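What follows is a set of notes on a single structure, which appears directly below.
Note that the structure is a prediction, hence the values are computed from the model and not measured. Note that these values count all heavy atoms, side chains included, but never hydrogens, waters or copies made by symmetry.
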Amino acid sequence: MITFLDLKKLNGVYAAQLREACARVIESGWYIGGQELAAFEQEFAAYCQAEHCVGVANGLDALTLTLRAWKELGLLREGDEVIVPANTYIASVLAITENRLIPVLVEPDAGTYNLSGAGVQAALTERTKAVVAVHLYGQMAEMPAIMDLAKANGLLVLEDAAQAHGASIEGRKAGTWGHAAGFSFYPGKNLGALGDAGAMVTHDAQLAKMVRGLGNYGSYRKYENAFQGVNSRLDEIQAAMLRVKLEHLDQEIAARRQVADSYLQGIDNPLIQLPQVTAGEAHVWHLFVVRCERRDELQRFLQEQGVQTLIHYPIPPHKQQAYAEYAALTLPLTEVIHEQVLSLPISPVMSEDDVKAVICAVNAFS
């Protein structure tokens, strides 16, 4: 069986370094808010070309705390509208509603499945105050156009870069186009920890300070609480793991792109719709997602051929029970995407034989 993502094999490549990093933390006697976190924040900020990075507990918190910080800073108020692509993982929407803001779900671009400038333009109202631009599957949204609209309309832009570590447009990295960005380091991400972890990056020192305080019980000084905050911190062990993995991220992205190129060149089946790529640098291939009208049949067939696949994602946010109030929305493209997409295996540790086997299996489907 060709597994969808072999995390044991992927992390095993760096096993000695990971053990050394873990031992370093254990021996330090300092497990929260220490040197490993400070070093990772500095290194990841530099990697993203950002001035500030704040480690938090997970990717959802990175988004939620950033929006909360803008509220505390007086830049957003309850009831403000936030444009977000309808075709996204539910976390992008949860961060908005958790802050009592109103998500405006927008159909994605038909080619990339990402938020477009035209989509943002069509959804603008007098109550629009922010945009959550999701870089889905590892490909960046149409950031130049989105930022032009944001500047013209006084909008805040939060990049949901949970799947796009290292992607760039015109040499500018994901996370530094908008006013801030949230990253996830869930183990399956391109830059994955060995547990839950996340971070926000920004050029705004005041925003970074606010997010850091909110994630530390609303406190900047022990036992003094300026805000009603939460506990959302990136611990020393995970920061140390991420420092090891960050050193190899670009190499792993190159390997993912090689697998993706092989798929794009080798898969030739009229029943399969391949991903549309806007620019090579803009896509880091967190996922390789195809479309097929007979998606469930295709998934069963590939399983029988020894190829494990996953569906990202089977149910769009507006059709989830959690958001029953949005069930009546008419979002036909989003719904078709969720009914037809299938993610093929892609990782830096796939062998050439594995890649060829996947291509042969996909091409054999009829």
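Connection of M143 to V277 is not established within any shared hydrophobic cluster, with ILVMFWY side chains joined at heavy-atom distances below 4.5 Å, either directly or through further cluster members. When hydrophobic clusters are built by joining Ile, Leu, Val, Met, Phe, Trp and Tyr residues whose side-chain heavy atoms come closer than 4.5 Å, directly or via intermediates, L65 is not grouped with L234. In the hydrophobic clustering of this structure, I237 does not group with W30; members are Ile, Leu, Val, Met, Phe, Trp, Tyr whose side-chain heavy atoms approach within less than 4.5 Å, directly or through other members.
Side-chain atoms of E236 come within 3.5 Å of backbone atoms of E36 as a donor-acceptor pair (strictly under, hydrogens ignored). Without hydrogens or angle criteria, W70 side chain to E72 main chain gives no donor-acceptor distance under 3.5 Å. Without hydrogens or angle criteria, T202 side chain to H52 main chain gives no donor-acceptor distance under 3.5 Å. The backbone N or O of L136 lies less than 3.5 Å from a partner atom in the side chain of N114, making a donor-acceptor pair. Checking side-chain atoms of N87 against main-chain N and O of Y113 turns up a donor-acceptor pair under 3.5 Å. Proximity of a side-chain donor or acceptor of H203 to a complementary backbone N or O of A50 within less than 3.5 Å is not detected. Under a 3.5 Å cut-off, the side chain of N269 and the backbone N or O of V362 do form a donor-acceptor pair. Not one N or O on the side chain of K245 forms a donor-acceptor pair closer than 3.5 Å with the backbone of L191. The main-chain N or O of M210 is never found under 3.5 Å from a side-chain atom of R68 such that the two would form a donor-acceptor pair. The main-chain N or O of G266 is found under 3.5 Å from a side-chain atom of N363 such that the two form a donor-acceptor pair.
Remark: Q308 CD to T3 OG1 distance equals 6.0 Å, nearest 0.5 Å. Interatomic distance, CD1 of I169 versus NE2 of H283, reported as 11.5 Å (0.5 Å rounding).
The number of heavy atoms from other shown groups lying within 6.0 Å of CD (Q206) does not exceed 12. Residue Y137 qualifies as enclosed at atom OH: its count of foreign heavy atoms under 6.0 Å is above 12. Counted within 6.0 Å of CG on N231, heavy atoms from surrounding residues, nucleotides or ligands total more than 12; the atom is thus considered enclosed. Residue Y186 places its OH atom among 12 or fewer non-hydrogen atoms of other residues, nucleotides or ligands, all under 6.0 Å distant. The environment of E293 atom CD is sparse: at most 12 non-hydrogen atoms of other residues, nucleotides or ligands sit within 6.0 angstrom. A 6.0 Å sphere centred on CD of E78 holds more than 12 heavy atoms belonging to other residues, nucleotides or ligands. More than 12 heavy atoms of other residues, nucleotides or ligands lie within 6.0 Å of NZ in K71, so this atom counts as buried by the packing criterion. In the displayed structure, E297 atom CD is contacted under 6.0 Å by more than 12 heavy atoms of other residues, nucleotides or ligands.
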Determine, stepwise, if the pair Y263 / L344 fulfils side-chain contact (heavy atoms from CB on, under 4.5 Å). CA-CA 9 Å; Y263 283 164; L344 303 182; 4.2 Å; yes
Trace of the side-chain contact (heavy atoms from CB on, under 4.5 Å) decision for I90 with Q320: CA-CA 9 Å; I90 197 170; Q320 298 282 359; 4.0 Å; yes
Before you tell me yes or no, could you show the steps for F185 and H165 under ring pair (Phe, Tyr, Trp, His ring centres under 6.0 Å), namely the whole-Å CA-CA distance, both residues' side-chain angles and the distance that decides it to 0.1 Å? CA-CA 9 Å; F185 305 123; H165 320 72; 5.7 Å; yes
Would L60 and E98 count as a side-chain contact (heavy atoms from CB on, under 4.5 Å) here? Give the steps. CA-CA 10 Å; L60 174 57; E98 177 67 18; over 6 Å; no
Begin with the C-alpha distance, continue with both residues' side-chain angles, and end with the deciding distance and a verdict on side-chain contact (heavy atoms from CB on, under 4.5 Å) for V307 and F301. CA-CA 9 Å; V307 177; F301 176 81; over 6 Å; no
Show which side-chain atoms of residues 324-337 pair as donor or acceptor with protein atoms under 3.5 Å away, not counting sequence neighbours.
{"residue": "T334", "atom": "OG1", "partner": "E107", "partner atom": "OE1", "Å": "2.7"}
{"residue": "E335", "atom": "OE2", "partner": "H318", "partner atom": "NE2", "Å": "2.8"}

Please list, one pair per line, the donor and acceptor atoms closer than 3.5 Å that link side chains of residues 13-22 to other protein atoms, with sequence neighbours excluded.
{"residue": "Y14", "atom": "OH", "partner": "E252", "partner atom": "OE2", "Å": "2.6"}
{"residue": "Q17", "atom": "OE1", "partner": "H248", "partner atom": "NE2", "Å": "3.3"}

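Note on ring orientation: taking the six-membered ring where Trp is involved, the planes of F183 and F44 are perpendicular (angle over 60°, cut-offs 30° and 60°).
Looking only at atom types and distance, the side chain of S168 has a donor-acceptor partner in the side chain of E281 under 3.5 Å away.
Between R212 and E41 there is a salt bridge, with a side-chain nitrogen of the basic residue lying less than 4.0 Å from a carboxylate oxygen of the acidic one.
The side chain to side chain contact (heavy atoms under 4.5 Å, CB included) with V120 is formed by just one residue from the set V106, V157, N153, I146; it is I146.
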